[in-house]
Each structure stands twice: as C-alpha cells, then as structure tokens.
*Asks:* 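Here you go, one structure.
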There are 2 protein chains.
Amino acid sequence: MWKGDQAMKKMTIKDVAEALGLSPGTVSKVVNNSGRVGDKTRKRVKEYVKKHGYVASANARILKSRLSFTIGVIFSDISHVGLEHPFFASILQSFKTAVEERGYEIVFIVSRVGENELTYYQWCRNKKVDGVLIVMGNINNPNIQEVVQSEIPCVSTDIVMDNLQSVISDDKEGVRLALDHAENLGCEHITHITGPTSSRGFAERAAAFSREMEERGLPLPDEAVEIAEGFGFTSGYNATLKHLKKVARPPELILAGSDELAFGIVRALESKRLRVPEDIMVMGYDDIKFAKHFTPSLSTIRQNKEKIGRLAAERLLSAIEERRPKRKEITKVPVELVKRQSTGRG
Amino acid sequence: MWKGDQAMKKMTIKDVAEALGLSPGTVSKVVNNSGRVGDKTRKRVKEYVKKHGYVASANARILKSRLSFTIGVIFSDISHVGLEHPFFASILQSFKTAVEERGYEIVFIVSRVGENELTYYQWCRNKKVDGVLIVMGNINNPNIQEVVQSEIPCVSTDIVMDNLQSVISDDKEGVRLALDHAENLGCEHITHITGPTSSRGFAERAAAFSREMEERGLPLPDEAVEIAEGFGFTSGYNATLKHLKKVARPPELILAGSDELAFGIVRALESKRLRVPEDIMVMGYDDIKFAKHFTPSLSTIRQNKEKIGRLAAERLLSAIEERRPKRKEITKVPVELVKRQSTGRG
DNA sequence: GGTCTTTGGGAAAACGTTTTCTCTTTTTCC
DNA sequence: GGAAAAAGAGAAAACGTTTTCCCAAAGACC
C-alpha cells in the first residue's frame, strides 16, 4: 500500500498555535518576523516550527497578504520552441537561479486558464505575481504592452519599451567588435545575414551594422544586409543561397545575427564549394554552447547570458522591493569577441 | 504617467454577483458548471463574465477547493544546468505545451521557501500541486522518494521506482539498434563510453550494452565500458583519452551514452590523429538538435523527446483526474536509428 | 385542491492566513 | 507609590472563493 494512505494531515497555523497554547496571530507574527512578540515566545515558536516543519499555506498567504514571491515569465508564443532555444534558455536559467536564491520562484504566464482567454495582465493580477520577466516578446503584442504599462514591475532581457527596464547586450559594441575583427583580417566586403527584424536584437544589430559600415567607409550596397525569414539553421542556409544569387561576387566575410543562423550559413557556403574560412569567413553572434564544437569552430560575439539573467533578476527584485515608479531604463551588458576557426587564417 | 495609476480594481465574484443581483454562490456555480442554476440566470452570468473578463482568483480557489491545476516539476539540483541541457529541455517543453493545452500550468519545485528548507513533498502540499513530473532526478534522493511514495500523483521521464509511472525510451532497443548497425558495418570491437551510472539512462544503456555484446558473442573485455565522470563534452573527451591509454588498439566503433559525450569523444579521437569515421566510428545517443550539424554529422539513436513529454503529460493528467491508486508502470517509447557521417563508410 | 417533488437560488460556513485593534500586564520614571 | 508608557498577546475581521444546506416557489400527480 502506498504511504499516501497514512498521509499526514497538513499542519496549519492553528495546530501550531494550539500546541503551544498561543493564538494563530502570534504564531504568524513570529513566522513573518513582524509585529511584537516576546523573546521567549518567539524562540518557542521558532523551535516548534523548525522541528515540525510547519510552513504557511502559500495560497492562504498570498490571498491575504498580496505578496506572492512569484515572478511571471513571458516566453512569447512564437512557435513553441521556447525552452529549446539555447540562448533564451540560458538567460532564463540564470534568472531562475538568481531569483530562487532570493526566495522567489518563477512561473510561466499563459493566456488561457480553463476555458477562457485571459490577457497577460489579467493573469498576473489573478495570480498576484510580484513581477514579470519578458524573456522573449514582441513590442507590438497588445498583451505585452498592457502588462508593461501596468503597475506591475517588469523587466525584459529582450525588448525595449517605455516604462520598461531592459537588460540587454550592447549590440552596437558587438557589431563594432565584429567589424574591427573583420578589418583586422583585411576584409572589406562584408555581408550581414540576420533574422526577422521584428526581434529587437536582430533589428538593432542590422542597424548598427549599416551605420558602422558607413562610418568606416566600407562598401554598403543594398544586398549587404540580408534578412532571413526565421532564426534557425534552415533560415540561415536559405538566406545565404539567396544572397549568393544576388551578388556578383561573394563577400569576404559574413556576419550572422545569431550562431544558429551562422551554422546554416556555413553549410550553405560549403554546399557552394566555398570553404570557410579560406574562401570566406563567417562570424556568429551569441556564443551558444555549441559554437565552439561546430566545424569550423565559430568565431562569434559572446553575449553574457549568465550576467544578463542575473542582472535582470536583481533589477526586478529591487524594483519590487523598493516599489519604485516604473521608468524606461536600459542596462547594457558588455559583449566579447571570441576568435575561432571560422575567421582563422586558412 | 503610467497606466498603473489608474489600475482598475480587481473584479471579484461579489462584484459580478452584485451587478447581476445574484448571490456569489450562484455565480460561482455558473462559472464552475456545478450545482443547479436556471437557464436564464446561467446565460446572464456567462455573458457578463465573458464581457467583463472576470476570472476567479487562483489563490482563493485553490485555497478553498484544493484543486490547483498546477503541476510541480522536479528538475533535480545536480548543478544548475537544468534548462540548458537540450535533451531535458526538449522533454520539458513538450510536456509543458501538452499540459497547458489541458488547462494546467507548470511550476518548478524548489526546496527552499523564504528562510527554511522544505522537502519536495512539503512543498507540494503547501502549494497543493495536483501532480508532479520528475524530469531529472536521483533514485536515492530521499526528497524524491518521499514525494513518489506519497499520495500525490507522479510521473517521471527519467527514473524508475516503485509506485511510479515512468515514460522512457526503450533503451534496450536503442542499444540493440546501435549494435545491429555496428555489426552491419562490420565492427566487432566496440566500446561504450557513457555518463555516471547514477543516472538511470546511462546505467540501463551500459547494462544493455554488456548483455547484448555477450549475446552476440562479441568481445567484451573489462575496458569495453568506460564511465565518464560527467555528461558533457569535456567528460566525453577525457574519458576517451583515458580509454585509449588503457587499450592496446582502439576499438572499431565507440557508442556514446549521449550526443554531448559523443561530441567530446570525436574531438578526443581527432586529437589523437584518429579520423572519424575512417579510422574509428562513433555513435551518439539522443539526437539532440545539434547532432546533425556536428562534423562529422553524428549517427545516433533518436529518443522521441516530443512524444515522451506528451505521453508523460497524458499519463499524469489521467492519473490526476481518475484518482487511480499509484503503481509502478513503465511506458516505453520507441527509439530510432539515425545514420549519419560518423558511421559512414570512409 | 392538497400533497409530493422538483427547481432555482440564497445564506453562511469553511479554506488558512495576515493584520489591525484592543486589552492586560509589566516596566519606567519622577 | 502613582501615572504614563511600553510590551506582549489575543480577538476578530478580512482575503475571494466553493460548497453544503436550506427554503420558497412552482409543477406534478391523483
């Protein structure tokens, strides 16, 4: 027989109070370190609680006190790749461990509960989440706008909006580092292949690329920026073939908007008998775990995913605990150039 | 000024009742499709609720009705790689979408809340989760044992225990397919390099490997099974070097316990001037997304991660909704051989 | 028309906390 | 020693639901 048959009854605050000859209120005060309680009583309660492993019902507590110690996570809906996307998964992981260290937990925001649809904001109110992390979202999504403009503290590691704190990589710097590297390698004809510009990161890098190229006086024909229709391997592959058809002569270096795109780019080039890096060099962006195991190992701009997640957690928790009014604020996290074979001298 | 200043007051069931000249009880009955309510009233309530987007406070509901529509997820603690592990992330993702389709949501079980430590079981009771998914866990962890032996419905996609439903790959079949493939390629001297056998999957594959090798009458010296000290690239790399030192002559094929190990194995071999697949073949296990982009692309045994997650969800939700007594039950999900370059003819 | 059911809906007691008062008792201070 | 202040603890009212009774009205039946 399974042990559940003898499942102990859940211990409530009343049980504790009774066992100690106190009132529930007093016990509550001890547990929450609030209110005034005598030293002796305090100690007695603390000991009992520790010994018997009492812990307050989360739901009752939240219901009464409107503090849930819960962070809602918006992982967008765009297809259900979510957790399988290494870059976002990394950020979420470090955010998660950071908030957990401070006693919070994360929960995914969904827009359906039972039968009826719910906006993100309604859901958050409903659940009384203390804050929201947007790890992947679209600026134009009204659901996201609503929650960002609401009274609920938010932070994003992806988008930038009014009233929203963002913790993101310094994309301008990233592109600059990439182009410095390219110039050092003697490359002048450079193409940027990136993902849909509906994603802020891609858009920003594309813009920075054009600006930088111009400033450096490097050639910037229209075809120098190619937008792939997605962000995976296949998108990079197809975009590359398309690009090669457009241009008279392949560029000397291709800067990808992400590592996954770069993988596709490299394979597409190879399929056209162009060797990387001998005939053409390729740089990625992100430095996901696999970039260094790829062949050729991928030169890339490393985004500090761990730090982004951790910083986002700090910002959000401060905002929650200090009840600051919301305002737009952007924290840029430095990026780093990682040189590997894909831009190595042949 | 941000919209939060005018944040609408949350609508409660009382507001709805009042607006319609009804009692909260009646509204509740309509919302939950329970109890007896006249057709006209029912319709009136439904319309109002839909129009004004009322939705019951999750916490109040859970507190009263002991049904949370929430699944706790145990992602173990072993380092904090969790979400960054492609195999487990995939399973979790498909589990997540499957339960969300049925109106449940997932939440990560942590063993600390505020200041005090909590066992998984306590945490579950505290949160009133309806069920638990163990996506990565250790049989010997008392915390896990406790929750598995409790009255809370559980399902695992990793471990196998008494009173526990498991949805796992057919590892015996996987190893058989791998060895069939090896034999077809004319390999006899085969080594298995796998991860720590504290993980069920690794242990099972190692066992299956030895058994199968014996049954086939293939050579099975002690060194034929090498246990790496971890499950990442580096572990595979080091284990391979260690293995090569032990043996007089390298094996003809190495079967890895996971793709990530296989990546390390291949690179280690290459560092010793052994070409894959010409000099020695390598097979992975899992077929994570990157296996096909690796060079050489990795032959592997594909675990159907999507199906495992989905099936686990189905099993768990049925168990919850049908209130079946718990018992050990293993659902094996078929695996599939994927032939790629790492075992291709040179 | 008088009983017997059915039907629709409300009252109120939980669920397990937190928190604001209030009330004693004790301490402090001159 | 007495008044004022402080300290310690309890009572009770929320928080927003669900659910069990219970009661009145209406239908059904002979």
Side-chain angles (χ1 to χ4, degrees), chain A residues 8-46 48-49 52-70 113-114 116 122-123 125-128 130, chain B residues 8-46 48-49 52-70 113-114 116 122-123 125-128 130:
Chain A
M8 41 193 139
K9 194 178 163 315
K10 181 170 172 28
M11 197 182 344
T12 78
I13 202 173
K14 262 191 209 161
D15 301 330
V16 177
E18 220 157 287
L20 270 64
L22 294 171
S23 78
T26 306
V27 176
S28 172
K29 284 171 200 155
V30 172
V31 172
N32 298 303
N33 279 323
S34 71
R36 286 185 318 210
V37 181
D39 281 352
K40 266 197 293 217
T41 327
R42 164 156 282 133
K43 185 183 273 185
R44 240 164 32 102
V45 174
K46 281 216 156 125
Y48 188 95
V49 163
H52 294 76
Y54 161 78
V55 45
S57 152
N59 295 297
R61 179 170 40 72
I62 298 171
L63 178 58
K64 190 62 181 72
S65 73
R66 20 190 41 94
L67 266 185
S68 67
F69 288 97
T70 290
V113 42
N116 26 20
Q122 285 178 317
W123 191 92
R125 297 279 300 212
N126 183 250
K127 286 277 189 180
K128 293 220 181 77
D130 296 332
Chain B
M8 43 190 139
K9 192 175 165 313
K10 181 169 172 29
M11 195 182 347
T12 78
I13 202 171
K14 262 191 208 159
D15 301 329
V16 177
E18 219 157 287
L20 271 62
L22 293 172
S23 77
T26 305
V27 176
S28 172
K29 283 172 200 157
V30 172
V31 172
N32 298 302
N33 279 322
S34 70
R36 284 183 319 209
V37 181
D39 280 352
K40 266 197 293 224
T41 326
R42 162 157 282 132
K43 186 182 274 182
R44 241 166 27 103
V45 174
K46 281 214 156 127
Y48 188 95
V49 163
H52 293 76
Y54 161 77
V55 44
S57 151
N59 295 296
R61 180 170 40 71
I62 298 172
L63 178 58
K64 189 62 182 75
S65 73
R66 20 190 40 95
L67 265 185
S68 67
F69 288 97
T70 291
V113 42
N116 27 20
Q122 287 178 316
W123 192 92
R125 297 280 300 215
N126 182 249
K127 286 277 187 179
K128 294 221 181 75
D130 295 333

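Proteins come first, then strands; the chains are lettered A, B, ... in the order of their sequence lines, and each starts at number 1. We use all heavy atoms of the structure for the numbers below, so side chains are in, but hydrogens, waters and symmetry mates are not.
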*Asks:* What is the distance, to the nearest angstrom, from the CZ atom on A:R61 to the P atom on D:dG16?
*Replies:*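 A:R61 atom CZ is separated from D:dG16 atom P by 16 Å.
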*Asks:* Looking at residues at least two apart in the chain, or sitting in another chain, which of them share a ring-ring contact (aromatic ring centres under 6.0 Å, His included) with A:Y48?
*Replies:* A:H52
*Asks:* Check A:P24 against A:K14 and note the closest heavy-atom contact, atom names and distance.
*Replies:*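 Taking every non-hydrogen atom into account, CG-CG, 4.2 Å.
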*Asks:* Just do the side chain to side chain contact (heavy atoms under 4.5 Å, CB included) check on B:L22 and B:T41 with the steps written out, would you?
*Replies:* CA-CA 9 Å; B:L22 293 172; B:T41 326; 3.6 Å; yes
*Asks:* With B:K64, which residues qualify under salt bridge (Lys or Arg N to Asp or Glu O under 4.0 Å), at least two apart?
*Replies:*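 Partners of B:K64 under the salt bridge (Lys or Arg N to Asp or Glu O under 4.0 Å) test: none.
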*Asks:* Give every residue pair that meets the side chain to side chain donor-acceptor pair (under 3.5 Å) criterion with at least one member in residues 17-32 of chain A, sequence neighbours excluded.
*Replies:*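 Qualifying pairs: A:S23-A:T26, A:S28-A:N32.
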*Asks:* Using the C1' atoms of five pairs at each end, what's the angle between the two axes of the helix from C:dG1-D:dC30 to C:dC30-D:dG1, to 10 degrees?
*Replies:* 30°
*Asks:* With a cut-off of less than 4.0 Å, is there a side-chain N or O of A:Y54 near OP1 or OP2 of C:dG16?
*Replies:*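 Answer is no, no contact under 4.0 Å.
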*Asks:* Rounded to whole angstrom units, what separation is found between the CG atom of A:D15 and the P atom of C:dC15?
*Replies:* 11 Å
*Asks:* If you take all heavy atoms of B:D130 and B:L67, which pair is closest and at what distance?
*Replies:* OD1-CD2, 3.7 Å
*Asks:* What is the distance, rounded to the nearest whole Å, between atom NZ of A:K14 and atom C1' of D:dA12?
*Replies:* 12 Å
*Asks:* Rounded to the nearest angstrom, tell me the gap between atom NZ in B:K128 and atom C1' in D:dT18.
*Replies:* 12 Å
*Asks:* If you compare every side-chain N and O of A:N59 against the phosphate oxygens of C:dG16 (OP1, OP2), does one of them come in below 4.0 Å?
*Replies:* no
*Asks:* To the nearest Å, give me how far apart CG (A:N32) and C1' (C:dT19) are.
*Replies:*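 From A:N32 CG to C:dT19 C1': 10 Å.
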*Asks:* Tell me the closest heavy-atom pair linking B:M11 and B:V16, and the distance in Å.
*Replies:*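 In terms of heavy atoms, the two residues are closest at SD-CG2, 3.9 Å.
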*Asks:* Considering residues at least two apart in sequence or located in another chain, which fulfil the side-chain contact (heavy atoms from CB on, under 4.5 Å) criterion with B:K43?
*Replies:*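 Per chain and number, B:K43 pairs via side-chain contact (heavy atoms from CB on, under 4.5 Å) with B:E47.
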*Asks:* Find the distance B:I13:CD1 to D:dG16:P and express it as a whole number of Å.
*Replies:*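 Spelled out: CD1 on B:I13 to P on D:dG16 is 12 Å.
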*Asks:* As a test of reading the structure: which of C:dG16, C:dT18, D:dG16 is closest to the side chain of B:K64, going by heavy atoms?
*Replies:*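 For the B:K64 side chain, the nearest candidate turns out to be D:dG16.
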*Asks:* Using whole Å, what does the distance between atom P of nucleotide C:dT17 and atom CD1 of B:I62 come to?
*Replies:* 15 Å
*Asks:* Grab the CG-P distance between B:L63 and C:dT18 for me, whole Å please.
*Replies:* 12 Å
*Asks:* Side-chain N or O of A:S28 less than 4.0 angstrom from OP1 or OP2 on C:dT18?
*Replies:* yes
*Asks:* Drop me the distance from B:L63's CG to B:K128's NZ, to the nearest 0.5 angstrom.
*Replies:*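 Answer for the CG-NZ pair, B:L63 versus B:K128, is 5.5 Å.
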*Asks:* How does protein reach along nucleotides 4-11 of chain D, written 5' to 3' as B (base within reach of a heavy atom under 4.0 Å), S (only sugar-phosphate), or - (no contact)?
*Replies:* ---BBBB-
